[in-house]
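Written below as structure tokens is the structure these notes are about.
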Amino acid sequence: MTVRRAVVYAVLIAAAASLWLFTHSERAQIKRVFADVERLAAKEQGEPVMECAGKAQALARHFRDGCEVIDTGHGLQASYSRDDIAGGLLAFRSAASKIVVEFRDLDISVDGSEASVEGLIDYSGTEATWPRHEPKAEKFIARLEKTDGKWLFSRIKVP
């Protein structure tokens, strides 16, 4: 094998390794976003009002301003500002005495500064208006965009 061929192989291997590391680390960052959303969405009975409001604000920071939300089962399709999202999350969290959220079977594909995630969301809770919200798993599709080094939800669809 010539030196030239060895250098070409080394460059190709380095490029492949760099690409793998890049996409692997981006996927890891996106998984951390979903883990943080799970943690912030969870609510135990007796959560103080200020903690509830703080978690709603922290959750809203994971969404891009103008995030599109589509829920075909409920006929919902609209874009929401980050403030609208925070307000809606606060209202939902305030009405619930307990919330459990878990994302599973995440299939993440990254293309530069955009990512697509498909998976299941398991959620359950107890609210004053509903005697008991039974556990439910729903498929979802999310699009995230990397803005200023952070992955933010730009579109969420529940078919």
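- Rounded to the nearest 0.5 Å, atoms CG (L76) and CD1 (I70) are 8.5 Å apart.
- The closest donor-acceptor contact from the side chain of S154 to the backbone of R143 lies under 3.5 Å.
- Without hydrogens or angle criteria, R104 side chain to D122 main chain gives no donor-acceptor distance under 3.5 Å.
- With sequence neighbours excluded, the residues forming a salt bridge (charged side-chain N to carboxylate O under 4.0 Å, His left out) with R64 are E145, listed by chain and number.
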R32 vs W151, side chain to side chain contact (heavy atoms under 4.5 Å, CB included): CA-CA, chis, key distance, verdict: CA-CA 10 Å; R32 282 193 295 273; W151 285 101; over 6 Å; no
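- The structure places OG of S79 at 10.5 Å from CG of D84, a figure rounded to the nearest 0.5 Å.
- Separating the OG1 atom in T72 from the CD atom in Q77 is a distance of 9.5 Å, to the nearest 0.5 Å.
- L59 and L90 are members of different hydrophobic clusters when ILVMFWY side chains are connected at heavy-atom separations under 4.5 Å.
- Hydrophobic clustering (ILVMFWY, side-chain heavy atoms < 4.5 Å, transitive): L144 and V101 are in one cluster.
- No chain of hydrophobic side-chain contacts below 4.5 Å, direct or via other Ile, Leu, Val, Met, Phe, Trp or Tyr residues, connects V100 to F92.
- By the criterion of side-chain heavy atoms lying less than 4.5 angstrom apart, applied directly or through intervening Ile, Leu, Val, Met, Phe, Trp or Tyr residues, I141 is not grouped with V158; the two fall into different hydrophobic clusters.
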Side chain to side chain contact (heavy atoms under 4.5 Å, CB included) assessment of E47 paired with K55: CA-CA 11 Å; E47 180 179 81; K55 284 185 173 182; 3.3 Å; yes
Name each donor-acceptor pair under 3.5 Å that joins a side chain in residues 109-117 to protein atoms two or more places apart or in another chain, with its distance.
none

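- Residues L89 and A60 approach most closely at CD1-N, 4.1 Å, considering heavy atoms.
- Rounding to the nearest 0.5 Å gives a distance of 12.0 Å between CD1 of I85 and NE2 of H62.
- Of the residues listed (F153, F103, Y123), the one engaging F140 in a ring-ring contact (aromatic ring centres under 6.0 Å, His included) is F103, and it is the only one.
- Under the 4.5 Å side-chain heavy-atom criterion for Ile, Leu, Val, Met, Phe, Trp and Tyr, L152 and V69 are members of distinct hydrophobic clusters.
- Between the CD atom of E138 and the CG atom of D71 there is a distance of 6.5 Å, given to the nearest 0.5 Å.
- Between the side chain of D65 and the backbone N or O of R82 there is at least one donor-acceptor pair closer than 3.5 Å.
- Note that the CD1 atom of I108 and the CD atom of E26 stand 11.0 Å from one another [nearest 0.5 Å].
- Of the possible polar contacts, one joining the K43 side chain to the R93 backbone as a donor-acceptor pair under 3.5 Å is found.
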